[in-house]
Every structure is written in structure tokens, then in C-alpha cells.
Peer 1: 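Shown below is the structure under consideration.
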Protein chains: 2
Amino acid sequence: MATIAVENYLKHVLLLAEEGDELVPMGALAESLEVVPGTVTTMIKALADEGLVDHLPRQGVRLTAAGRRMALNVLRKHRLVETFLVNVLKMDWSRVHGEAEQLEHAISDEVLDRLDALLGHPTVDPHGDPIPSRHGKLSSQVYATLATCVTGRSLRIVRVTEQSEEFLRFAEENGLQPGTAVKVTDRNLTAGLVTLRKGSARPIALSVSAAGKILVEPEK
Amino acid sequence: MATIAVENYLKHVLLLAEEGDELVPMGALAESLEVVPGTVTTMIKALADEGLVDHLPRQGVRLTAAGRRMALNVLRKHRLVETFLVNVLKMDWSRVHGEAEQLEHAISDEVLDRLDALLGHPTVDPHGDPIPSRHGKLSSQVYATLATCVTGRSLRIVRVTEQSEEFLRFAEENGLQPGTAVKVTDRNLTAGLVTLRKGSARPIALSVSAAGKILVEPEK
DNA sequence: GCATTTATTTTGACTAATCAAAATAACTCT
DNA sequence: AGAGTTATTTTGATTAGTCAAAATAAATGC
Ligand SMILES: [Mn+2]
Ligand SMILES: [Mn+2]
Ligand SMILES: [Mn+2]
Ligand SMILES: [Mn+2]
């Protein structure tokens, strides 16, 4: 039986590998899990013995098929729970990440399936993060960001890739949520500033780094 | 921060004390928590140091006010989660106990409040178990059981005090759930048998010990 | 190419929770 | 009251997960 710690390690390896089977450096994993590097080395060696990851000493770690399957199941729980908390319990999208961090380890596969049905089999969570399918398929579509997209064209926000409460609250206050139509009116890389406009409302200014967290697609 | 183990210990002390502040023997706690007695002694001494229980060596254990508050909060989560699983996710009442055993440790007080509102502030769970109020009030009404009630009178089932899947499935198959009207037609204590009737349907025979798990009130 | 910096691993220690088995205290029965 | 039984506590180990700090390997800079 996977413990909570094991589930968290696997999920973080999955997220840090950012689609594809790149090696995740131990330091990145330690940072992401908020533990010291030595702890990660110890734990990863144990997970490697269980056949859940491949550990290339001094290089990094990568999920095995078995590890990936478990990680995707945890991620599916996380994102479906977030969707439930926002859509059904009407919680603020900036607060659900921490809740889901706990609940993802407490929900059985049966409850997961019923939640999925209750929610109408959503494919993305409230932040636009893709929800892995029941059979382990995870959409890996690549989107432009407000820092990299074309300017002047009408775009639709599809995802906000940042879970911090502050950022999400800020985005919400400015109506920058999945589904919103926006247009980048100006981008000054020297100043590190992106200016955009929602419909005919007053323009919004964003740092390039903040803009990079907001993914968009061309409005059809 | 209370760990999962601490929450479980406190909840089991609460349930075993059966309303009132009787001392719970260490052996009963060990049995109920499915750990060996020595483990309970160790853990209870730690909880006593934290001020969550009073430990009278060689006699037993009892919750302090602080411990009772925490235990009631866990129990409230447990029973509201069960209610959610049955009423919203339509799970079978015989399967929700195990799920709630995990979820009770993973949901925050905020989610708890929202679940409570979503469910319409229920006062009992699907088994008829009373749900502690938000402010720590737990109904301790005493009911007759099918093994002790008057015979011949029309009664209403209010609670089934047994969480085993087998028993709950059996009760469900015979329509013996909270809300159902029944009448004890015969009780033979020598044979250990109770016979009852639901409306005009065929009679149902129960052992006295099974009948003792089903609580009833006079039909008004 | 060697010295320095950085990342990773190792070592030793700690905490929470548990068990097995021995020790002890408290009942029970005659 | 003493013997035997039962419940509880103690003692010594074990496992999972963690940190601090020392050791080592790899990469970088000049
Ligand atoms: Mn988590
Ligand atoms: Mn999300
Ligand atoms: Mn529990
Ligand atoms: Mn119940």
C-alpha cells in the first residue's frame, strides 16, 4: 500500500517531469516537496527498490510505468477534488489546492469514479489543469502564454499554472480565469511588462513572469 | 497538530465511553483500535501529557474537555462524510464507514461547514447515528431496541448501531433502515428469537443479538 | 587542468507509531 | 490468605519518514 509520502513523491516527480520522461534532479524534487535533499535520496532509493521509479545516481529520477500509473491516479484525485470543491461546494479557486493536497490521499477509487460522474466527467479542473483520464491518459497540449503569444489577436485563457493563493486571488480579481477572452495590446520585454485588455474594459498590466503563468489559445 | 492516529484514539475513547465520562479500559481501546494493549498504554500516556485525556493507571482513560472537543470534531466529520457519500454520491450505506474512516482525517473545518450546508444541516447520518453539532453538542437520546421494546405496538426504526458491511447489507435487504415502521409480533428469549413485521409483508426473524442493534421509537 | 562551487549521497540521529514478550498489578475463587 | 487468572504496563525492537552535517562526485571557471 502506498503511503501518503509515497503518493506525494510520485506525484511531484510526474509534475516536475513536465510531460516526457526527462530526468528530474533530486534537488528540484527536494525543493518541490519541501524536504532536504538527503531525504529525497533515501526515499527515492526505496521507491526504486519498489519498482516505482528509476534512479540514475547523481543524475536524477524518472517514473516507471507502475509509478506513473500511481502518480496519475493521485493527480486525477487531486484535480477532481478541486473541481468538486469549486463547482459543488462553491469554494474559492484560490483555496482548493491545499485542501486537495490532503484529500487526494483519502479518496478511494470508487468515490473518485462517483465524483467524476457527479461532475459530468470534466477534462480540466478550475485552474484549467488537465484531469488525467480514468485510464491514465493525460492531455499534454502545449499552449502559448500571455508572455509569448501573438499581440493584437483575440485569445481565450485556458489555464493558470500557479497554485499560490496570492496569484490566484490576483487573477480572479482581474477576471483572468479560464474561459475569459483577452487581447494583448502591448508587450515590452525591456520593461518586463505585458498590457492586455478584456473586451472594452480598462487595460491590465502584468509582469512578464506573471503573464507566463497564464496560458491562452487563439479564440476560434 | 493532531495526527491521524491521535484523532483515531480520541474518537474511539469518545465512542467507547458511550456518553457520560466513564473510564474506558485500555483493553477495550486496544481491541477497538486493533492494536496490542502495550501500544495503547504508550499512546495514552503521550495523549495525557498533551492534556487530551486523563489516564488513571490500571483503571482506564477518559477524555479531557480539550480531547472531547477534538473527538467530537472528528466524529462530526465522519458522520457528515457518510451522509454525503450516501445522499449525494449514492453509495451503499454498508460501504461508507470505511471511506469515512479515512476522509474524517483529510477534510478541513471549512469543507466540513460547506458539506453540512450542502446536506441541509442533517442531525443524523444514514445509519441514524447522531451528528455532533458544530459547537460540540452530541444528542444522547436513549432508545429501545427491537430486543427490548414493547411488542405489538407500531414502532419506527431510528438507528442501526453496527457498522459491519454484512450486517448493514442484511438490514438493507430486509428493509430495516431508519424511518421504516415495524412491529414486534413475537419475542422468545429462550430461543433467542425476535419476530417482526413490516406493514403487511411477511414476518422477519432476527436473533436477539441482531435485534439489539436496531433502535426504535414509538410511532407517533 | 586544477581549484572552486554546486549537487548529491552518506552517516548518524530523531520522532511517531507500532509489536512481541516479559514484568507487574489487580482481581477472583476457594 | 494464597494461588491462579486476567489486565495493564514495561522493555527492547522495528519501520517510515525526516533533518543536520560531513563526504563525495560532478560541473564550472579561469
Ligand atoms: Mn498531497
Ligand atoms: Mn488545479
Ligand atoms: Mn479514522
Ligand atoms: Mn454512521
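Below, read A as the first sequence line, B as the second, and so on, with proteins coming before strands; counting in each chain starts at 1.
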Peer 1: Hey, what do you get for CD (A/Glu173) to CD1 (A/Ile204), rounding to the nearest 0.5 Å?
Peer 2: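 Answer rounded to 0.5 Å: 11.5 Å.
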Peer 1: Among the nucleotides D/dT18, C/dA16, C/dA20, which one has an atom lying closest to any side-chain atom of B/Val36?
Peer 2: C/dA20
Peer 1: Out of C/dT9, C/dT8, C/dT18, which nucleotide sits closest to the side chain of B/Thr42?
Peer 2: C/dT18
Peer 1: Do you know which of B/Val184, B/Thr145, B/Ile157 makes side-chain contact (heavy atoms from CB on, under 4.5 Å) with B/Val216?
Peer 2: B/Ile157
Peer 1: Check B/Asp92 with B/Arg169, please: is the shortest side-chain N to carboxylate O separation under 4.0 Å?
Peer 2: no
Peer 1: What is the distance from OH of B/Tyr9 to C1' of C/dT18, rounded to the nearest Å?
Peer 2: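 Roughly 8 Å, once rounded to whole Å.
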Peer 1: Would you mind telling me which of D/dA25, D/dA16, C/dA17 lies closest to the side-chain atoms of A/Arg58?
Peer 2: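 That would be D/dA25.
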Peer 1: For the residue pair A/His97 and A/His127, is the inter-centroid distance of their aromatic rings smaller than 6.0 Å?
Peer 2: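 Ring-ring flag for A/His97/A/His127: false, centres at least 6.0 Å apart.
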Peer 1: What's the closest nucleotide to the side chain of A/Val35 if the choices are D/dT18, D/dT9, D/dT10?
Peer 2: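 When the side chain of A/Val35 is considered, D/dT18 is the closest of D/dT18, D/dT9, D/dT10.
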Peer 1: Return the nearest nucleotide to the side chain of B/Met26; candidates are D/dT8, C/dA16, D/dG17.
Peer 2: D/dT8
Peer 1: Any side-chain N or O of B/Thr39 below 4.0 angstrom from OP1/OP2 of C/dC19?
Peer 2: yes
Peer 1: Among C/dA26, C/dT10, D/dT10, which nucleotide sits nearest the side chain of A/Thr41?
Peer 2: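 For the A/Thr41 side chain, the nearest candidate turns out to be C/dT10.
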